[in-house]
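Take a look at the structure set out below.
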Amino acid sequence: MNALANIVKIYRALTDKEEHDSTLEGSLKVCDDETCAFLRSAVDESTSTDYGLVILSDTNDIHLNATVQVRLITPKCVPVFRNISSFLGNGSRLLEPIGNFYIIDDDWSSEDQPQPDEAANLEALHRIILQLSEAATVVDRDKGKLVFADGVGLVDLPINISLDDLKAVKPQNIEAFENFCSEPLHQKHRLEAVANVVIRRSRGIVSNNRIPHILQNLETVLSDIKSQHSVFLSAFSYEKVRDEIESLKIEYTTKIHKILSEIQGQLLGIPAATVIVATQMKKADLVNSSVFITNTAILLGAFIFGIFLIFLLVNQSHILEILKTEVERQKRQLRSELSDVEARFNDIFNLLQSRIRYQKIILWIVGFVVVIGLSLGGFVFWVQSSHAIITMLYSNK
């Protein structure tokens, strides 16, 4: 049996009770070994404070069937509360799993079966606070408040719930609110609608009364949220999105195809340059001959053209990378905003990405051809002019 169960057992078995401010004193009959062991563990001062249990009798009097005097105080480590108001007093408690607890005045333990009516209200209240926290801009767990933001400023919603607020909770309304918010279709826009209505409803109301106001008017609040969401739905249609994506496809396809068309003239110069190098170079016997000078000029021109073309290919490759990044960004944006229809447009994004890959392959092939052409030009130059170069080298010795 855990510490809370033992404490609840002691509260319920206590007789001759006397209340003194925030403490409760009385007599307790030790009915079983477990209670006896628990009381002995509470003799230590630190453990006594943690459990909220002070043994007033002598330690030697703690044994089976004995009656001991105890004092119950506010515990540090066991969730025991004087009343439901003190339980609700810490708003951050509703932002975490509630767990087990005991309410003294109502003799209500969360482990009891069946649970009182307030249990269903508390569970529903906990769920709606968590749902509101999903729509909040910031969740301040330390201060127990939700913060919403819009273009005007920040709106704080302290989680300040009273017993009357708890009793006024209608679980069916909260269930309807929860069902609306948890629907996966357009969930991001649903939460945005929740935030917008909460902000509009909260302005002009004292901060501590904002969440109670939302709870008390939850039915009309949900109606406002649904109305705002319907505005989004009226602007949204599959065909509209399809048209936008198709326009995007045409735009990016045009940009991708321009990668090669912009350097088409230079590309057509490759075979011409190859023919010139291969046919215009002549056999040169001396380095100071006009033939050698012509060969050198042809080779130099070919190399300048080739290097210039390589620079163009690198530049076009960078533009392709930019287009690839932009297509991926558009795809991510569609996924984040309209995740439910994103799969229907995968074929368009896949087509654009495949075309980008195809264009990059063409650029690599062109670059390879340019390198081969320059190598061929160098080889032809050597074949035609090597005799002149070798003659010059040997004549200088």
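Taking a cutoff of 4.0 Å between a charged side-chain nitrogen and a carboxylate oxygen, Lys170 and Glu219 do not qualify as a salt bridge. A salt bridge links Asp32 and Lys9; the closest N-O separation between the charged side-chain nitrogens and carboxylate oxygens is under 4.0 Å. For Asp112 and Arg12, the salt-bridge test passes: some basic side-chain N is under 4.0 Å from an acidic carboxylate O. Under a 4.0 Å N-O distance rule, the pair Arg82/Asp106 does not qualify as a salt bridge.
The salt bridge (Lys or Arg N to Asp or Glu O under 4.0 Å) check on Arg329 picks up Glu326, with sequence neighbours excluded. Partners of Glu111 according to the salt bridge (Lys or Arg N to Asp or Glu O under 4.0 Å) rule, which considers only residues two or more places apart in sequence or in another chain, do not exist here. The ring-ring contact (aromatic ring centres under 6.0 Å, His included) test applied to Phe303 returns no partner, not counting sequence neighbours. Here Lys360 pairs with Glu321 under the side-chain hydrogen bond (donor to acceptor under 3.5 Å, both in side chains) rule; sequence neighbours left out.
Pairing each heavy atom of Ile98 with each of Leu122, the nearest pair is CD1-CG, 3.9 Å. A pairwise comparison of heavy atoms in Ile199 and Ala149 identifies CD1-O, 3.7 Å as the closest pair. Between Gln359 and His257 the shortest heavy-atom distance is NE2-CD2, 3.6 Å. Listed here is the closest heavy atom pair of Val68 and Leu39: CG2-CD1, 4.0 Å. What you find for Arg141 and Ser92 is that their closest heavy atoms are O-CB, 2.9 Å. Shortest non-hydrogen contact noted between Ile73 and Leu53 is CG1-N, 4.4 Å.
The distance from atom CG of Asn121 to atom CG of Asp165, rounded to the nearest 0.5 Å, is 11.0 Å. Once rounded to the nearest 0.5 Å, the distance linking CD of Glu25 with CG of Asp16 reads 12.0 Å. Atoms CG and OG, from Leu163 and Ser85 in turn, are 5.0 Å apart once rounded to the nearest 0.5 Å. The CD1 atom of Ile128 sits 8.5 Å away from the CD atom of Glu178 when rounded to the nearest 0.5 Å. Taking CG of Leu215 as the reference point, atom CG of Leu125 lies at 6.0 Å (rounded to 0.5 Å). With values rounded to the nearest 0.5 angstrom, Arg355 atom CZ is found 6.5 Å from Lys249 atom NZ.
Checked by atom type, the side-chain pair Ser227/Asp224 shows no donor-acceptor distance below 3.5 Å. Under the 3.5 Å distance criterion, with hydrogens and angles disregarded, a donor-acceptor pair is assigned to the side chains of Arg201 and Thr220. Inspection of the Ser162 and Asp164 side chains reveals no N or O donor paired with an N or O acceptor under 3.5 Å.
Inter-residue side-chain proximity for Phe177 and Val194 is flagged as met; some heavy-atom pair is nearer than 4.5 Å. Within the 4.5 Å cutoff, side-chain heavy atoms of Leu146 are placed close to those of Leu95. The shortest distance between side-chain heavy atoms of Val80 and Leu4 falls below 4.5 Å. Contact annotation: the side chain of Gln131 approaches that of Cys181 to within less than 4.5 Å [non-hydrogen atoms, C-beta and beyond]. Taking the side chain as every heavy atom from C-beta outward, Arg127 and Ile174 approach each other to under 4.5 Å. For the pair Lys17/Leu24, a side-chain contact is recorded, criterion being any heavy-atom separation below 4.5 Å from C-beta on. Val327 has its side chain within reach of Tyr252: a pair of non-hydrogen atoms, C-beta onward, lies under 4.5 Å apart. Put simply, the side chain of Arg93 reaches to within 4.5 Å of the side chain of Asn90, judged on heavy atoms.
No continuous path of hydrophobic side-chain contacts links Ile372 to Val366 [ILVMFWY only; heavy atoms under 4.5 Å]. Hydrophobic clustering, with ILVMFWY side chains joined whenever heavy atoms are under 4.5 angstrom apart, keeps Leu191 apart from Ile129. When hydrophobic clusters are built by joining Ile, Leu, Val, Met, Phe, Trp and Tyr residues whose side-chain heavy atoms come closer than 4.5 Å, directly or via intermediates, Leu130 is not grouped with Val139. Put simply, Ile103 and Val8 are part of two different groups of oily side chains (I, L, V, M, F, W, Y) that touch within less than 4.5 Å, one to the next. Ile84 and Ile7 end up in different hydrophobic clusters when Ile, Leu, Val, Met, Phe, Trp and Tyr side chains are linked at under 4.5 Å.
Looking at Asn179, its side chain does come within 3.5 Å of a backbone N or O of Glu175 through a donor-acceptor pair. No donor-acceptor pair closer than 3.5 Å links the side chain of Gln69 to the backbone N or O of Asp58. A donor-acceptor pair under 3.5 Å links the side-chain atoms of Ser375 to the main chain of Val371, judged by distance alone.
The ring-ring contact (aromatic ring centres under 6.0 Å, His included) pairs that include a residue from residues 86-137 are Tyr11-Tyr102, Phe81-Phe87, Phe87-Phe101, Phe101-Trp108, where partners are two or more places apart or lie in different chains.
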> What do the steps show when you test Asn346 against Lys331 for side-chain contact (heavy atoms from CB on, under 4.5 Å), and what is the final call?
Replying inline: CA-CA 9 Å; Asn346 280 340; Lys331 187 175 182 179; 3.8 Å; yes
>> Show, in sequence, the C-alpha distance, side-chain angles and deciding distance for Ile310 and Leu312, and conclude whether the side-chain contact (heavy atoms from CB on, under 4.5 Å) test is met.
In response: CA-CA 5 Å; Ile310 288 174; Leu312 282 179; over 6 Å; no
> Can Leu222 and Asn173 be said to form a side-chain contact (heavy atoms from CB on, under 4.5 Å), step by step?
Replying inline: CA-CA 9 Å; Leu222 181 57; Asn173 288 346; over 6 Å; no
> Do Leu72 and Thr23 pass the side-chain contact (heavy atoms from CB on, under 4.5 Å) test, and can you show the C-alpha distance, the side-chain angles, and the key distance before you say yes or no?
Replying inline: CA-CA 6 Å; Leu72 294 165; Thr23 66; over 6 Å; no
Name the atoms and distances for all side-chain donor-acceptor pairs under 3.5 Å in residues 204-214, with sequence neighbours left out.
{"from": "Arg210", "atom 1": "NE", "to": "Ser202", "atom 2": "O", "distance (Å)": "3.1"}
{"from": "Arg210", "atom 1": "NE", "to": "Ile205", "atom 2": "O", "distance (Å)": "3.0"}
{"from": "Arg210", "atom 1": "NH1", "to": "Asp156", "atom 2": "O", "distance (Å)": "2.7"}
{"from": "Arg210", "atom 1": "NH2", "to": "Ile205", "atom 2": "O", "distance (Å)": "3.3"}
{"from": "His213", "atom 1": "ND1", "to": "Asn217", "atom 2": "ND2", "distance (Å)": "3.2"}

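Among the candidates Leu352, Leu351, Ile348, the single residue satisfying the side chain to side chain contact (heavy atoms under 4.5 Å, CB included) test with Thr253 is Leu352.
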